[in-house]
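Heavy atoms only: backbone and side chains are in, while hydrogens, waters and symmetry mates are out. A note on names: the letters A, B, ... follow the listed sequences, proteins ahead of strands, and every chain is numbered from 1.
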Amino acid sequence: MKTLASDFFERDARIVAKELLGKYLVRSIGRKKVAARITETEAYLGPYDLASHARHGKTARTAVMFGPPGVWYVYFTYGMHYMLNIVARREGIPSAVLIRGVEGIVGPGRLTKKLAIDKTLNMKAAVPASGLWIEDRGEIVPKRKIITGPRVGVDYAGEWAKKPYRYRIGSF
DNA sequence: TAAGTGATCTCT
DNA sequence: GAGATCACTTAA
């Protein structure tokens, strides 16, 4: 078991998204520690990806995506939900992976609610000291178990909405 | 199927 | 400052 370091995230978001499957999202609050196996992710590639928040350039909210990899990007939407993303690619390239679901919890909004994730984690590094990080527990997910599909809720993105940048563990 | 909820962004 | 939009959830 090892904690994923920034070099893991300093790659193409599609690779990071795929390899994140089967890893464990670990949350510690005070003395409590909870680990959940990641089962669903989505990749957001860069400024040219019209489904990405970074499509309109750097703003106060998206600035974190332009920063170094291995940092959480947490934002609030629909008036009630926090979304959890981790920044990918090297500094200067706005890219991230959305963690949509873990074992037992399906839906990005539910996931953050269940694990008490909110904007205080935004822009924090994914290391144990921040209270939220990712561990590799040695599980290897076979390729045939990984299902890809179009991303969710991004119909406005035209062609980019159809790209199969969503990954999840399942079986056919 | 639709409404709730509020931060953020794009105009004035 | 106003208005539109939004990487969703829940109840019906």
Side-chain angles (χ1 to χ4, degrees), chain A residues 4 8-25 27 34 36-89 91-126 130 132-134 146-170:
Chain A
L4 261 41
F8 177 91
F9 302 102
E10 194 166 349
R11 296 182 291 167
D12 188 292
R14 285 165 293 192
I15 295 171
V16 175
K18 199 185 294 186
E19 293 198 9
L20 236 30
L21 297 176
K23 299 290 186 292
Y24 283 79
L25 179 66
R27 175 79 168 123
V34 185
R37 181 162 159 266
I38 298 171
T39 55
E40 189 170 350
T41 58
E42 278 181 13
Y44 288 87
L45 304 194
Y48 46 87
D49 180 352
L50 297 181
S52 168
H53 284 166
R55 66 187 178 280
H56 296 305
K58 193 172 182 176
T59 65
R61 182 174 57 138
T62 62
V64 57
M65 291 173 96
F66 289 77
V71 173
W72 298 115
Y73 167 37
V74 180
Y75 71 94
F76 192 68
T77 193
Y78 294 115
M80 48 181 86
H81 300 295
Y82 288 104
M83 299 287 145
L84 177 66
N85 304 249
I86 185 136
V87 178
R89 302 295 297 275
E91 191 162 359
I93 301 177
S95 183
V97 174
L98 168 66
I99 297 177
R100 291 191 60 84
V102 297
E103 196 94 80
I105 310 175
V106 181
R110 286 176 171 175
L111 180 127
T112 51
K113 189 178 173 193
K114 205 90 171 178
L115 297 182
I117 291 164
D118 62 24
K119 63 181 193 253
T120 59
L121 282 160
N122 191 32
M123 308 208 283
K124 291 239 165 69
S130 69
L132 185 67
W133 70 99
I134 295 173
I146 298 177
I147 299 173
T148 61
R151 289 173 293 188
V152 175
V154 294
D155 292 342
Y156 61 83
E159 283 303 303
W160 285 92
K162 304 192 185 92
K163 305 258 182 206
Y165 295 161
R166 178 177 177 212
Y167 305 87
R168 108 183 128 83
I169 295 178

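At least one side-chain nitrogen or oxygen of A:His53 sits closer than 4.0 Å to the OP1 or OP2 atom of C:dA7. At the phosphate of C:dC8, OP1 or OP2 sits under 4.0 Å from a side-chain N or O atom of A:Arg100. Checking the phosphate oxygens (OP1, OP2) of B:dC9, a side-chain nitrogen or oxygen of A:Thr59 falls inside 4.0 Å. Of the side-chain N and O atoms in A:Tyr156, one or more sit less than 4.0 angstrom from OP1 or OP2 of C:dA7.
Base engagement by A:Met80 is indicated by at least one non-hydrogen atom pair under 4.0 Å involving a base atom. Across all strands shown, A:Arg61 has heavy atoms under 4.0 Å from sugar-phosphate atoms exclusively, and none from any base. Counting any heavy atom pair closer than 4.0 Å across all strands shown, A:Tyr78 reaches a base atom.
Separation of atoms CG (A:Leu25) and CG (A:Leu132) is listed at 5.0 Å; rounding is to 0.5 Å. For the atom pair CH2 (A:Trp72) and CG (A:Leu84), the distance works out to 5.0 Å, reported to the nearest 0.5 Å.
Atom-to-atom, NE2 of A:His81 to C1' of C:dA7 comes out at 12 Å; the value is rounded to the nearest Å. Between A:Arg110 atom CZ and C:dA11 atom C1' the separation is 12 Å, expressed in whole Å. Atom-to-atom, OH of A:Tyr73 to C1' of C:dA7 comes out at 9 Å; the value is rounded to the nearest Å. One atom, CG of A:Asp118, and another, C1' of B:dG6, lie 15 Å apart when rounded to the nearest Å. Rounded to an integer number of Å, the gap from CG of A:Leu98 to C1' of C:dA7 is 6 Å. The interatomic distance linking A:Arg151 (CZ) with C:dC8 (P) rounds to 12 Å, in whole Å. Here C:dC8 presents its C1' atom at 13 Å from CD of A:Glu40, a figure rounded to the nearest Å. In this structure, A:Tyr75 atom OH and B:dG6 atom P are separated by 17 Å, rounded to whole Å.
With a 3.5 Å ceiling on both atom-pair distances, B:dT5 lacks any Watson-Crick or G-U wobble partner.
A heavy-atom distance below 4.5 Å is found between the side chains of A:Leu21 and A:Ile146. In this structure, the side chains of A:Phe9 and A:Val97 stay at 4.5 Å or more apart for every pair of heavy atoms.
In this structure, A:Thr77 and A:Leu111 both approach DNA chain C, and ranking their closest nucleotides by distance from the 5' end singles out A:Thr77.
Using a cutoff of 4.0 Å between basic side-chain nitrogens and carboxylate oxygens, A:Glu42 and A:Arg151 are not scored as salt-bridged.
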